[in-house]
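Working notes for the structure below.
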Amino acid sequence: MTDRMDLPFVGLVSFAGQPACEDWNQLDGADVAILGVPIDTASSYRVGTRFGPRAIREASMFHSFGPDGVFDFEDETTYLSAEDVQIVDAGDSDVIYADTKRSLANATTAVRALLDARTMPFILGGDHSITMATVAAFSEAQPIHIIHIDAHFDFIDERNGISWGHGSPMRRSSEMAHVSGITTLAPHNMASVSRKDYEAAKAYGTHVVPLRRLRDQGAATSLAHLPSGQRVYVSIDIDAFDPSIAPGTATISHGGLSYYEGKDILREIAQRFYVVGADFVEVSPPYDPSGITSLLAARLTLDFMGAIYHHHPRR
(Lines give C-alpha, C1' and ligand atoms only; values in the text may rest on other atoms or scores of the structure.)
Protein backbone atom coordinates (compact mmCIF):
# COMPACT_ATOMS: atom_id res chain seq x y z
CA MET A 1 0.00 0.00 0.00
CA THR A 2 1.38 3.41 -1.00
CA ASP A 3 1.48 6.41 1.28
CA ARG A 4 -1.48 8.80 1.01
CA MET A 5 -0.83 12.07 -0.77
CA ASP A 6 -3.56 13.84 1.27
CA LEU A 7 -4.48 16.19 -1.54
CA PRO A 8 -6.79 19.05 -0.44
CA PHE A 9 -9.72 17.79 -2.50
CA VAL A 10 -9.57 14.25 -1.12
CA GLY A 11 -11.31 13.06 2.06
CA LEU A 12 -13.64 14.63 4.60
CA VAL A 13 -13.47 18.40 5.11
CA SER A 14 -12.26 19.81 8.41
CA PHE A 15 -10.36 23.01 9.14
CA ALA A 16 -6.93 22.66 7.49
CA GLY A 17 -7.45 18.89 7.51
CA GLN A 18 -7.03 18.78 11.30
CA PRO A 19 -8.80 16.14 13.42
CA ALA A 20 -12.52 16.64 14.02
CA CYS A 21 -14.17 16.17 17.41
CA GLU A 22 -17.79 17.25 17.77
CA ASP A 23 -18.03 15.81 21.30
CA TRP A 24 -17.05 18.86 23.34
CA ASN A 25 -16.55 16.70 26.42
CA GLN A 26 -13.65 14.96 24.71
CA LEU A 27 -11.53 17.98 23.77
CA ASP A 28 -9.05 17.76 26.66
CA GLY A 29 -5.56 18.18 25.31
CA ALA A 30 -6.51 20.36 22.34
CA ASP A 31 -4.99 23.84 22.33
CA VAL A 32 -7.41 25.39 19.80
CA ALA A 33 -10.92 24.36 18.84
CA ILE A 34 -12.38 25.67 15.59
CA LEU A 35 -16.11 26.30 16.02
CA GLY A 36 -18.53 27.35 13.32
CA VAL A 37 -21.49 29.58 14.15
CA PRO A 38 -23.45 29.69 10.87
CA ILE A 39 -25.97 32.44 11.68
CA ASP A 40 -26.99 35.23 9.29
CA THR A 41 -30.52 36.04 10.47
CA ALA A 42 -29.20 39.15 12.24
CA SER A 43 -27.92 40.67 8.98
CA SER A 44 -29.46 43.99 7.97
CA TYR A 45 -28.65 43.75 4.26
CA ARG A 46 -27.27 40.87 2.19
CA VAL A 47 -27.41 37.41 3.77
CA GLY A 48 -25.27 34.37 3.04
CA THR A 49 -22.82 34.31 5.93
CA ARG A 50 -24.50 31.17 7.22
CA PHE A 51 -22.37 29.43 4.58
CA GLY A 52 -19.18 31.11 5.82
CA PRO A 53 -17.88 28.44 8.23
CA ARG A 54 -18.25 25.68 5.67
CA ALA A 55 -16.60 27.72 2.91
CA ILE A 56 -13.68 28.74 5.14
CA ARG A 57 -13.14 25.13 6.15
CA GLU A 58 -13.14 24.00 2.52
CA ALA A 59 -10.73 26.79 1.54
CA SER A 60 -8.47 25.88 4.46
CA MET A 61 -7.96 22.39 3.03
CA PHE A 62 -5.68 24.05 0.48
CA HIS A 63 -3.43 24.91 3.43
CA SER A 64 -3.53 21.48 5.10
CA PHE A 65 -0.37 20.57 6.92
CA GLY A 66 1.08 17.66 8.85
CA PRO A 67 2.71 17.32 12.28
CA ASP A 68 5.88 19.07 11.07
CA GLY A 69 3.97 22.33 10.62
CA VAL A 70 4.46 24.99 7.97
CA PHE A 71 7.80 26.61 7.10
CA ASP A 72 7.69 30.36 6.39
CA PHE A 73 10.84 31.29 4.48
CA GLU A 74 10.27 35.03 5.01
CA ASP A 75 10.51 34.54 8.77
CA GLU A 76 12.75 31.47 8.56
CA THR A 77 10.39 29.92 11.08
CA THR A 78 8.22 26.82 11.20
CA TYR A 79 4.71 27.46 12.47
CA LEU A 80 1.91 25.18 13.72
CA SER A 81 4.02 22.12 14.40
CA ALA A 82 2.55 19.40 16.60
CA GLU A 83 5.04 20.45 19.29
CA ASP A 84 3.59 23.97 19.35
CA VAL A 85 -0.14 23.46 19.02
CA GLN A 86 -2.88 20.86 18.68
CA ILE A 87 -5.82 22.08 16.60
CA VAL A 88 -9.20 20.34 16.59
CA ASP A 89 -12.26 21.11 14.47
CA ALA A 90 -15.16 21.10 16.94
CA GLY A 91 -17.94 21.37 14.36
CA ASP A 92 -20.75 23.93 14.60
CA SER A 93 -23.08 25.26 17.26
CA ASP A 94 -26.72 24.50 16.49
CA VAL A 95 -28.84 27.03 14.62
CA ILE A 96 -32.60 27.43 15.02
CA TYR A 97 -33.82 28.92 11.78
CA ALA A 98 -35.81 32.15 12.12
CA ASP A 99 -34.89 32.37 15.82
CA THR A 100 -31.78 34.48 16.17
CA LYS A 101 -31.89 34.73 19.96
CA ARG A 102 -32.00 30.97 20.52
CA SER A 103 -29.26 30.47 17.94
CA LEU A 104 -27.07 33.01 19.70
CA ALA A 105 -27.78 31.34 23.05
CA ASN A 106 -26.61 28.05 21.53
CA ALA A 107 -23.39 29.76 20.45
CA THR A 108 -22.76 30.96 24.01
CA THR A 109 -23.31 27.44 25.33
CA ALA A 110 -20.94 25.99 22.73
CA VAL A 111 -18.11 28.41 23.52
CA ARG A 112 -18.52 27.79 27.25
CA ALA A 113 -18.14 24.07 26.58
CA LEU A 114 -14.86 24.75 24.76
CA LEU A 115 -13.63 26.93 27.62
CA ASP A 116 -14.60 24.23 30.12
CA ALA A 117 -12.44 21.85 28.08
CA ARG A 118 -9.53 24.32 28.53
CA THR A 119 -9.17 24.96 24.81
CA MET A 120 -9.02 28.30 23.04
CA PRO A 121 -12.09 28.89 20.86
CA PHE A 122 -11.53 30.20 17.36
CA ILE A 123 -14.96 30.90 15.91
CA LEU A 124 -15.93 31.10 12.24
CA GLY A 125 -19.04 33.13 11.42
CA GLY A 126 -21.71 33.80 10.54
CA ASP A 127 -22.68 37.44 10.76
CA HIS A 128 -21.14 39.72 13.37
CA SER A 129 -23.99 39.30 15.84
CA ILE A 130 -22.29 36.08 16.95
CA THR A 131 -19.61 38.09 18.77
CA MET A 132 -22.04 39.30 21.43
CA ALA A 133 -22.81 35.63 22.12
CA THR A 134 -19.25 34.33 22.06
CA VAL A 135 -17.94 37.15 24.26
CA ALA A 136 -20.77 36.47 26.74
CA ALA A 137 -19.34 32.96 27.21
CA PHE A 138 -16.29 34.46 28.98
CA SER A 139 -18.40 35.93 31.80
CA GLU A 140 -16.96 33.57 34.42
CA ALA A 141 -13.35 34.19 33.40
CA GLN A 142 -11.01 37.07 34.13
CA PRO A 143 -11.78 40.38 32.37
CA ILE A 144 -10.95 40.66 28.69
CA HIS A 145 -10.28 43.51 26.30
CA ILE A 146 -11.80 43.22 22.82
CA ILE A 147 -9.66 44.08 19.81
CA HIS A 148 -12.13 44.69 17.03
CA ILE A 149 -10.87 44.81 13.42
CA ASP A 150 -13.66 46.13 11.22
CA ALA A 151 -14.69 48.70 8.61
CA HIS A 152 -17.49 49.71 11.01
CA PHE A 153 -17.87 50.56 14.69
CA ASP A 154 -20.70 48.04 15.32
CA PHE A 155 -21.96 50.19 18.19
CA ILE A 156 -25.63 50.47 17.21
CA ASP A 157 -27.93 50.36 20.23
CA GLU A 158 -31.10 49.34 18.44
CA ARG A 159 -33.01 49.78 15.20
CA ASN A 160 -36.77 49.41 15.22
CA GLY A 161 -36.55 47.52 18.49
CA ILE A 162 -33.83 45.12 17.30
CA SER A 163 -30.85 45.27 19.64
CA TRP A 164 -29.02 42.10 18.60
CA GLY A 165 -28.32 42.79 14.91
CA HIS A 166 -24.94 42.40 13.27
CA GLY A 167 -24.30 46.12 13.74
CA SER A 168 -24.56 45.89 17.54
CA PRO A 169 -21.97 43.39 18.88
CA MET A 170 -19.59 45.98 20.32
CA ARG A 171 -22.47 47.90 21.94
CA ARG A 172 -23.78 44.74 23.60
CA SER A 173 -20.27 43.64 24.59
CA SER A 174 -19.60 47.02 26.18
CA GLU A 175 -22.47 46.31 28.58
CA MET A 176 -20.84 43.11 29.89
CA ALA A 177 -19.06 43.41 33.23
CA HIS A 178 -16.19 41.15 32.20
CA VAL A 179 -15.31 43.30 29.17
CA SER A 180 -12.73 45.82 30.37
CA GLY A 181 -12.55 47.81 27.15
CA ILE A 182 -12.71 47.82 23.36
CA THR A 183 -10.19 48.84 20.71
CA THR A 184 -11.58 49.26 17.19
CA LEU A 185 -8.98 49.14 14.41
CA ALA A 186 -9.39 50.14 10.74
CA PRO A 187 -12.89 51.68 10.52
CA HIS A 188 -13.15 53.71 7.33
CA ASN A 189 -15.42 55.52 4.90
CA MET A 190 -18.76 57.24 5.33
CA ALA A 191 -21.49 55.21 7.02
CA SER A 192 -18.98 53.29 9.16
CA VAL A 193 -20.87 54.79 12.11
CA SER A 194 -23.61 57.33 12.77
CA ARG A 195 -22.81 60.41 14.86
CA LYS A 196 -25.06 59.10 17.65
CA ASP A 197 -23.32 55.72 17.80
CA TYR A 198 -19.88 57.32 17.43
CA GLU A 199 -20.52 59.53 20.42
CA ALA A 200 -21.80 56.53 22.40
CA ALA A 201 -18.66 54.52 21.56
CA LYS A 202 -16.40 57.38 22.59
CA ALA A 203 -18.39 57.93 25.79
CA TYR A 204 -17.88 54.26 26.66
CA GLY A 205 -14.14 54.67 26.10
CA THR A 206 -13.62 52.76 22.86
CA HIS A 207 -10.10 53.35 21.58
CA VAL A 208 -10.51 54.03 17.85
CA VAL A 209 -7.74 53.91 15.25
CA PRO A 210 -9.14 54.80 11.80
CA LEU A 211 -7.66 52.96 8.85
CA ARG A 212 -5.52 55.78 7.43
CA ARG A 213 -4.05 56.54 10.86
CA LEU A 214 -3.38 52.84 11.36
CA ARG A 215 -1.49 52.79 8.05
CA ASP A 216 0.52 55.87 8.96
CA GLN A 217 1.58 54.83 12.45
CA GLY A 218 1.58 51.03 12.22
CA ALA A 219 0.16 48.26 14.38
CA ALA A 220 2.58 48.63 17.31
CA THR A 221 1.77 52.29 17.89
CA SER A 222 -1.94 51.67 17.34
CA LEU A 223 -1.93 49.11 20.15
CA ALA A 224 0.55 50.85 22.47
CA HIS A 225 -2.25 51.92 24.84
CA LEU A 226 -2.65 48.31 26.00
CA PRO A 227 -0.16 46.73 28.42
CA SER A 228 1.85 43.74 27.27
CA GLY A 229 0.25 40.50 28.43
CA GLN A 230 -3.26 41.97 28.30
CA ARG A 231 -5.96 39.29 27.99
CA VAL A 232 -7.67 39.98 24.66
CA TYR A 233 -10.47 38.59 22.55
CA VAL A 234 -10.02 39.39 18.86
CA SER A 235 -12.98 39.89 16.52
CA ILE A 236 -12.15 40.16 12.82
CA ASP A 237 -14.74 41.27 10.27
CA ILE A 238 -13.75 40.41 6.71
CA ASP A 239 -15.16 43.75 5.53
CA ALA A 240 -12.13 45.44 7.12
CA PHE A 241 -10.25 44.12 4.06
CA ASP A 242 -10.40 45.71 0.66
CA PRO A 243 -13.08 44.23 -1.63
CA SER A 244 -10.40 43.60 -4.26
CA ILE A 245 -9.27 40.69 -2.07
CA ALA A 246 -12.48 40.10 -0.08
CA PRO A 247 -15.58 40.71 -2.24
CA GLY A 248 -17.64 38.05 -0.46
CA THR A 249 -19.26 40.05 2.31
CA ALA A 250 -22.51 41.89 2.96
CA THR A 251 -21.26 45.42 3.59
CA ILE A 252 -18.33 46.16 1.29
CA SER A 253 -16.19 49.18 2.17
CA HIS A 254 -13.58 50.27 -0.35
CA GLY A 255 -10.02 51.12 0.63
CA GLY A 256 -9.70 48.38 3.25
CA LEU A 257 -6.73 46.45 4.58
CA SER A 258 -4.40 44.40 2.41
CA TYR A 259 -3.43 40.85 3.32
CA TYR A 260 -0.04 41.86 4.71
CA GLU A 261 -1.50 44.75 6.71
CA GLY A 262 -3.93 42.32 8.34
CA LYS A 263 -1.19 39.75 8.94
CA ASP A 264 1.07 42.35 10.56
CA ILE A 265 -1.72 43.54 12.88
CA LEU A 266 -2.49 39.99 13.97
CA ARG A 267 1.18 39.19 14.50
CA GLU A 268 1.56 42.27 16.72
CA ILE A 269 -1.45 41.13 18.75
CA ALA A 270 -0.06 37.59 19.04
CA GLN A 271 3.35 38.81 20.16
CA ARG A 272 2.24 41.30 22.80
CA PHE A 273 -1.00 39.98 24.28
CA TYR A 274 -2.58 36.85 25.70
CA VAL A 275 -5.24 35.85 23.20
CA VAL A 276 -8.10 34.01 24.93
CA GLY A 277 -10.31 33.62 21.88
CA ALA A 278 -11.07 34.97 18.42
CA ASP A 279 -13.70 35.07 15.73
CA PHE A 280 -13.65 35.68 11.98
CA VAL A 281 -17.01 36.84 10.69
CA GLU A 282 -19.06 38.13 7.76
CA VAL A 283 -17.63 35.88 5.02
CA SER A 284 -20.52 35.49 2.56
CA PRO A 285 -19.64 32.92 -0.14
CA PRO A 286 -22.65 33.61 -2.44
CA TYR A 287 -21.12 37.01 -3.31
CA ASP A 288 -17.74 35.58 -4.29
CA PRO A 289 -17.82 32.78 -6.88
CA SER A 290 -14.01 32.86 -7.04
CA GLY A 291 -13.67 31.85 -3.37
CA ILE A 292 -10.84 34.31 -2.64
CA THR A 293 -12.67 35.73 0.39
CA SER A 294 -12.83 32.33 2.07
CA LEU A 295 -9.20 31.67 1.16
CA LEU A 296 -8.19 34.97 2.78
CA ALA A 297 -10.10 34.15 5.98
CA ALA A 298 -8.58 30.67 6.12
CA ARG A 299 -5.04 31.96 5.48
CA LEU A 300 -5.26 34.73 8.09
CA THR A 301 -6.74 32.33 10.65
CA LEU A 302 -3.76 30.01 10.18
CA ASP A 303 -1.34 32.96 10.25
CA PHE A 304 -2.85 34.21 13.49
CA MET A 305 -2.85 30.83 15.21
CA GLY A 306 0.69 30.22 14.02
CA ALA A 307 1.86 33.52 15.50
CA ILE A 308 0.02 32.97 18.80
CA TYR A 309 1.54 29.56 19.45
CA HIS A 310 4.97 30.47 18.10
CA HIS A 311 5.28 33.26 20.66
CA HIS A 312 3.40 31.40 23.41
CA PRO A 313 3.92 27.66 22.78
CA ARG A 314 1.86 25.21 24.82
CA ARG A 315 0.18 27.99 26.78
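Computation of the quantities below employed the complete heavy-atom set of this structure, encompassing side-chain atoms and omitting hydrogens, waters and symmetry-equivalent molecules.
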Check: Would a distance-only check, ignoring hydrogens and angles, find a side-chain to backbone donor-acceptor pair under 3.5 Å from Glu83 to Ser81?
Finding: no
Margin query: Using side-chain heavy atoms (C-beta onward) and a distance below 4.5 Å, is Met305 in contact with Thr301?
Written below: yes
Check: Does atom OH of Tyr198 have more than 12 heavy-atom neighbours from other groups under 6.0 Å away?
Finding: no
Check: Can you tell me if CZ on Arg46 sees more than 12 non-hydrogen neighbours from other groups inside 6.0 Å?
Finding: yes
Check: Can you list the residues that meet the side chain to side chain donor-acceptor pair (under 3.5 Å) rule with Ser174, with sequence neighbours excluded?
Finding: none
Check: Counting N and O atoms only, with roles assigned by atom type, does the side chain of Arg213 sit under 3.5 Å from a partner on the main chain of Gly218, one being a donor and the other an acceptor?
Finding: no
Next item on the list: Could you walk me through whether His188 and Ser253 pass the side-chain contact (heavy atoms from CB on, under 4.5 Å) test, one step at a time?
Entry: CA-CA 8 Å; His188 55 282; Ser253 187; 3.2 Å; yes
Check: Between Asp197 and Ser194, does any side-chain donor sit less than 3.5 Å from a side-chain acceptor?
Finding: yes
Check: Would you say Leu104 and Lys101 make side-chain contact, with heavy atoms under 4.5 Å?
Finding: no
Notebook entry, point to check: Do you see a donor-acceptor pair shorter than 3.5 Å between the side chains of Ser222 and Gln217?
Noted result: yes
Next item on the list: Begin from the C-alpha positions of Met170 and Phe153 and carry the test side-chain contact (heavy atoms from CB on, under 4.5 Å) through to its verdict.
Entry: CA-CA 7 Å; Met170 294 305 118; Phe153 279 61; over 6 Å; no
Notebook entry, point to check: What orientation do His207 and His225 show, parallel under 30°, tilted 30 to 60°, or perpendicular over 60°?
Noted result: parallel
Notebook entry, point to check: Under 3.5 Å, side chain of Asp40 to main-chain N/O of Gly126, donor-acceptor pair present?
Noted result: no
Note to self: I want to check something: taking the side chain as every heavy atom from C-beta on, are Phe138 and Pro121 in contact at a cut-off of under 4.5 Å?
What the structure shows: yes
Margin query: Could you report the tightest heavy-atom contact between Ser60 and Ser14, atom names first, then the distance?
Written below: OG-O, 3.8 Å
Next item on the list: Ignoring hydrogens and angles, state whether a donor on the side chain of His148 or Asp150 is under 3.5 Å from an acceptor on the partner side chain.
Entry: yes
Note to self: Would the distance check show the side chain of Thr109 and the main-chain N or O of Ala105 forming a donor-acceptor pair, the cut-off being under 3.5 Å?
What the structure shows: yes
Note to self: Please find the pair of heavy atoms, one from Tyr309 and one from Asp84, that lie closest to each other, and give the distance.
What the structure shows: CD2-O, 3.7 Å
Next item on the list: Using modelled atom types only, decide if a donor and an acceptor are shared between the side chain of Thr134 and the backbone of Thr131 within a distance under 3.5 Å.
Entry: yes
Notebook entry, point to check: With distance as the sole criterion, is a donor-acceptor pair present between the side chains of Ser93 and Asn106 under 3.5 Å?
Noted result: no
Notebook entry, point to check: Under the 3.5 angstrom rule, does the side chain of Thr293 hit a backbone N or O of Gly248 as a donor-acceptor pair?
Noted result: yes
Notebook entry, point to check: Do side-chain atoms of Thr49 reach the backbone of Asp127 as a donor and acceptor pair under 3.5 angstrom?
Noted result: yes
Next item on the list: Return the minimal non-hydrogen interatomic distance between Val47 and Ser284, and the atom names on each side.
Entry: O-OG, 3.5 Å
Next item on the list: Using the side-chain contact (heavy atoms from CB on, under 4.5 Å) rule, take Arg171 and Ile156 through it: C-alpha gap first, then chi angles, then the decisive distance, then the call.
Entry: CA-CA 6 Å; Arg171 183 64 164 255; Ile156 295 170; over 6 Å; no
Check: For His128 and Ser235, does a side-chain donor sit closer than 3.5 Å to a side-chain acceptor?
Finding: yes
Item checked: For Ile87 against Pro19, the heavy-atom pair lying closest together -> O-CD, 3.6 Å
Margin query: Met120 and side chain to side chain contact (heavy atoms under 4.5 Å, CB included): which single residue from Asp31, Val275, Leu115, Val276 fits?
Written below: Val275
Check: Is the charged tip of Arg231 near the ring of Phe273: under 6.0 Å from the six-membered ring centre and within 45° of its axis?
Finding: no
Next item on the list: Only counting residues at least two apart or in another chain, list the ones meeting ring pair (Phe, Tyr, Trp, His ring centres under 6.0 Å) with Phe65.
Entry: none
Checklist line | Same cluster (ILVMFWY, side-chain, under 4.5 Å), Val37 and Val13 | finding: no
Note to self: Just checking Tyr79 against His310, ring centres under 6.0 Å apart?
What the structure shows: yes
Checklist line | Interatomic distance, Ile144 atom CD1 to Ile146 atom CD1 [nearest 0.5 angstrom] | finding: 5.5 Å
Notebook entry, point to check: Is atom CD of Glu261 surrounded by more than 12 heavy atoms (other residues, nucleotides or ligands) closer than 6.0 Å?
Noted result: yes
Notebook entry, point to check: When you check the gap from the basic side-chain N to the acidic O, do Arg57 and Asp89 get nearer than 4.0 Å?
Noted result: yes
Notebook entry, point to check: Does the Glu76 side chain pair with the main chain of Phe73, one donor and one acceptor, at a distance under 3.5 Å?
Noted result: no
Notebook entry, point to check: Any side-chain heavy-atom pair from Asp216 and Leu214 closer than 4.5 angstrom?
Noted result: no
Notebook entry, point to check: Below 4.5 Å, heavy atoms only, C-beta onward: do Tyr259 and Leu300 meet side chain to side chain?
Noted result: yes
Check: Heavy-atom distance under 4.5 Å between the side chains of Pro286 and Phe51, does that happen here?
Finding: yes
Notebook entry, point to check: What are the two closest heavy atoms between Ile56 and Gly125, and how far apart are they?
Noted result: CD1-O, 4.4 Å
Next item on the list: Go through Ile147 and Leu185 one step at a time and tell me if the side-chain contact (heavy atoms from CB on, under 4.5 Å) criterion holds.
Entry: CA-CA 7 Å; Ile147 299 179; Leu185 302 179; 4.0 Å; yes
Margin query: Any donor-acceptor pair under 3.5 Å linking the side-chain atoms of Arg299 with those of His63?
Written below: yes
Check: Any luck finding a side-chain donor-acceptor pair between Arg112 and Ser139 under 3.5 Å?
Finding: yes
Checklist line | Any donor-acceptor pair under 3.5 Å from Asp279 side chain to Val281 backbone | finding: no
Note to self: Which heavy atom of Asp239 sits nearest to which heavy atom of Ala151, and what is that distance?
What the structure shows: OD1-N, 3.2 Å
Note to self: For the residue pair His152 / Asp237, report whether a side-chain donor-acceptor contact shorter than 3.5 Å exists.
What the structure shows: no
Notebook entry, point to check: According to the interplanar angle, ranging from 0 to 90°, do the rings of Tyr274 and His312 count as parallel (below 30°), tilted (30 to 60°) or perpendicular (above 60°)?
Noted result: perpendicular
Note to self: Could you tell me if Thr41 and Thr100 have a donor-acceptor pair between their side chains, going purely by distance under 3.5 Å?
What the structure shows: yes
Checklist line | Donor-acceptor under 3.5 Å (Ser129 side chain, His166 main chain) | finding: no
Checklist line | Euclidean distance, Leu295 CG relative to Met61 CE, rounded to 0.5 Å | finding: 13.0 Å
Margin query: Less than 4.5 Å apart, side chain to side chain, heavy atoms only: is that true for Val85 and Val32?
Written below: yes
Check: Same hydrophobic cluster for Ile236 and Tyr260, using side-chain heavy-atom links shorter than 4.5 Å among ILVMFWY?
Finding: yes
Note to self: Looking at Arg172 and Asp157, is any side-chain nitrogen of the basic one under 4.0 Å from a carboxylate oxygen of the acidic one?
What the structure shows: yes
Next item on the list: Applying salt bridge (charged side-chain N to carboxylate O under 4.0 Å, His left out), run through Arg267 and Asp303 and close with a yes or a no.
Entry: CA-CA 8 Å; Arg267 179 159 54 183; Asp303 289 341; over 6 Å; no
Notebook entry, point to check: Side chains of Val95 and Arg50: closer than 4.5 Å at any heavy-atom pair?
Noted result: no
Margin query: Between Asp72 and Lys263, does any side-chain N to carboxylate O distance fall below 4.0 Å?
Written below: yes
Item checked: Glu175 atom CD, neighbour heavy-atom count above 12 within 6.0 Å -> yes
Check: Can you tell me how far CD1 of Ile252 sits from OH of Tyr45, rounded to the nearest 0.5 angstrom?
Finding: 9.0 Å
Item checked: Test item: side-chain donor near acceptor, Ser173 and Tyr233, under 3.5 Å -> no
